[in-house]
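Following this message is one structure expressed as structure tokens.
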Number of protein chains: 2
Amino acid sequence: MVACVFLLCHNDIIKLIITKERGSDTLNTEHASSYKASNYRTPDGAPADIVIFTITSEAKGSVKKALPLRELQVLLIQRKQWPFEGQWALPGGFSTESETIHESARRELTEETGVSDVHLEYFNVYSTPQRDPRGWIISHAYFALVHESFLEKRQAADDAADVRLFPVEEALAMDLAFDHEIIIRDALAQIQMKMLTTTIAKEFLAEEFTISELYQVIQTVVPTFNERNFIRKITSTQSRKGIIEEVMDHNGQGKMSNRYSQRAAQLYRFTDYVPQLSIYS
Amino acid sequence: MVACVFLLCHNDIIKLIITKERGSDTLNTEHASSYKASNYRTPDGAPADIVIFTITSEAKGSVKKALPLRELQVLLIQRKQWPFEGQWALPGGFSTESETIHESARRELTEETGVSDVHLEYFNVYSTPQRDPRGWIISHAYFALVHESFLEKRQAADDAADVRLFPVEEALAMDLAFDHEIIIRDALAQIQMKMLTTTIAKEFLAEEFTISELYQVIQTVVPTFNERNFIRKITSTQSRKGIIEEVMDHNGQGKMSNRYSQRAAQLYRFTDYVPQLSIYS
DNA sequence: AAAATAGTGTCTTTAAGACAATATATT
DNA sequence: AATATATTGTCTTAAAGACACTATTTT
């Protein structure tokens with residue numbers, strides 16, 4: 001006993017309602033041992049949407065050697081078709097039956113950035129009814145953290161007016177497609193938390209970096225972050241000094257950089273130590 | 001131009017393949033401005049599965065007043081039908097178009113426990129192809145933390161042989177339905193992390209509790225947790241003492257409990273302070 | 001010399017960590 | 001009196017927090 005109704009609501013959208021006989025999956029003990037006919041409507045798609053963050057750095061024009069201005073940016077694409085035609089949206093795409101959603105997000109990310117070894121992390125699902133006018137579409141939201149050097153070539157390759165980086169605050173003030181403003185807001189809160197509790201700062205830095213650069217990156221993502229004795233804590237506190245280590249040159253001397261400063265600064269790299277935080281110890 | 005093919009693989013399962021015309025949603029700039037006909041297969045369901053944890057406590061028989069034995073347990077239900085008939089599985093159910101997945105998880109949880117104001121948190125999506133023999137079914141996994149007192153009445157109400165608590169280690173050693181072993185393993189790792197970084201311990205405790213009870217709950221979830229000066233840290237460290245506070249009686253004296261001890265112990269409660277952890281400060 | 005970033009000295013207060021000792025009520 | 005849990009005393013070492021000071025190179 002099968003009924004199949006097609007409702008053509010828009011010229012490129014099909015809604016379908018299917019009545020099918022399926023064993024009850026309710027776990028209520030009253031029903032668990034009896035079969036029950038129900039009406040089932042299945043989702044019209046399960047896409048992955050990706051909030052791609054990068055931190056751009058721009059040299060200050062005034063002085064030669066100075067710390068660059070850094071800004072947290074998010075990559076958006078301009079929609080070419082209904083729905084939300086002309087509006088900016090997160091990159092993403094429908095996942096297929098033959099891949100996990102994570103694989104589909106990875107595929108989209110590679111298409112968008114041209115780089116494959118990039119931090120990609122799942123953080124939430126968005127399923128509010130009517131969130132997508134095309135139908136019942138449940139979106140799986142990821143964030144990606146990309147070093148600006150990876151996006152530079154992409155930006156140059158196709159001077160695409162329809163793919164652009166926006167400062168996060170600017171993006172949040174725009175009229176974005178779907179519920180993408182909420183998704184970006186949630187992603188921002190997520191990376192702010194992760195910036196302080198994990199070593200994701202490394203995703204925005206070169207392999208070797210100075211303490212000032214690290215401090216700047218943290219402050220760019222979490223503007224309220226303010227540690228007066230930052231260098232002391234990160235380098236001389238026993239419980240934390242395992243997170244980063246000094247880079248040495250071939251003579252066993254500390255490797256220095258004077259990219260941004262008159263006095264050369266020690267270079268550091270992240271170790272593979274994973275800090276374990278606890279409110280009880 | 002619509003093709004619809006029904007494949008009846010099992011008497012209560014319908015697989016469908018639909019070819020429909022839809023605008024390309026790939027974000028590749030090569031395709032962004034051209035429409036492309038594609039074959040779309042849509043998911044057959046988007047259920048929420050819930051890992052319901054509780055901590056049971058059993059008084060030691062030998063002595064009258066002694067700390068109880070506590071054990072982390074997970075609620076499972078025995079399947080009554082194909083697929084995985086007879087095997088134990090997580091409670092859960094298909095979400096519908098008119099609710100968010102979170103609402104559907106909340107609904108299932110209330111059906112299962114009879115209680116509504118319970119900690120419920122989303123943690124991951126499971127979408128490995130073939131994870132469900134009924135079709136392309138993407139499962140959204142939640143964990144719930146329930147005080148044992150909430151489950152006691154439920155357990156008594158229907159002496160349901162098909163709904164049972166299992167010690168987590170025992171559940172993980174069983175041959176569970178679907179990929180539910182992996183889901184439980186991930187949920188366990190998740191609550192172990194959250195137990196140490198948030199105040200979810202409160203979900204397993206009464207409103208008022210002693211330091212020993214709190215310590216026991218943490219150790220039950222995270223067996224490696226071992227803090228020799230626990231009482232000192234939680235009560236006399238400035239940065240942490242905001243997490244809990246002493247309960248006072250009407251005379252302004254500390255309210256005590258001797259449920260588990262000869263010498264009465266001070267009762268505490270959690271404040272609404274949300275601790276902020278950081279590896280940098 | 002002024003500017004800009006990098007890093008150290010020094011002092012006070014607070015917390016961590018270990019473990020012995022004391023407190024209170026029950027059996 | 002022995003027992004079981006709760007709590008405090010005391011000591012040593014480590015870290016937090018503040019802020020003035022020195023270091024290095026460029027302009």
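Each chain gets a letter, A, B and so on, in the order its sequence line appears, and its residues count up from 1.
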Could you tell me whether the side chain of B:Arg232 has a donor or acceptor atom within less than 3.5 Å of a complementary atom in the base of D:dT10? yes
Round to the nearest Å and state the distance from B:Arg263 atom CZ to C:dA25 atom P. 9 Å
Looking only at the aromatic ring of each residue, does the gap between the centers of B:Phe270 and B:Phe209 stay below 6.0 angstrom? yes
Under 6.0 Å from the CD1 atom of A:Ile182, do we count more than 12 heavy atoms belonging to anything else shown? no
Atom-to-atom span, CD1 of B:Ile234 to C1' of C:dT14 - whole angstrom: 17 Å
What nucleotide among D:dA6, C:dT26, D:dA18 has an atom nearest to a side-chain atom of B:Ser212? D:dA6
Would you say the side-chain atoms of A:Tyr126 and A:Asp49 include a donor-acceptor pair closer than 3.5 Å? no
Donor-acceptor check, side chain of B:Glu213 to backbone of B:Thr210, threshold 3.5 angstrom: yes or no? yes
Donor-acceptor contact below 3.5 Å, side chain B:His119 vs main chain B:Leu145: no
Taking A:Gln192 for the side chain and A:Val221 for the main chain, is one N or O donor matched with an acceptor at less than 3.5 Å? yes
Would you mind telling me which of C:dT8, D:dA6, C:dA18 lies closest to the side-chain atoms of B:Arg228? C:dA18
Spacing of B:Tyr260 atom OH relative to D:dT5 atom P, expressed in whole Å: 12 Å
Ignoring backbone atoms, establish whether A:Thr237 has a side-chain N or O less than 4.0 Å from OP1 or OP2 of D:dA16. yes
Using heavy atoms to find the nearest nucleotide of DNA chain D for B:Ile231 and A:Ser236 separately, return the residue whose nucleotide is more 5′. B:Ile231
Starting from C1' on C:dA25, measure out to CE on B:Met256 and report it in whole angstrom. 12 Å
B:Lys233 has an atom NZ; how far is it from atom C1' of D:dT7, in whole Å? 17 Å
Looking across every strand, which nucleic acid part, if any, lies under 4.0 Å from A:Ile211 by heavy atom: base, sugar-phosphate, or nothing? nothing
Here the gap from B:Gln276 atom CD to A:Leu196 atom CG, rounded to the nearest 0.5 Å, amounts to 8.5 Å
Judged by nearest nucleotide, the residue sitting upstream toward the 5' end of DNA chain C, A:Ala265 or B:Glu227, is A:Ala265
Roughly how many Å is it from CG in A:Leu214 to C1' in C:dT5, rounded to a whole number? 16 Å
For the pair made of CZ in B:Phe230 and P in C:dG17, what is the distance, rounded to whole Å? 14 Å
Through what angle, rounded to 10 degrees, does the axis of the helix from C:dA1-D:dT27 to C:dT27-D:dA1 turn between its ends, using five pairs per end? 10°
How many Å lie between OH on B:Tyr280 and C1' on D:dA15, as a whole number? 19 Å
Which listed nucleotide (C:dA18, D:dT7, C:dA25) is nearest to the side chain of B:Gln266? D:dT7
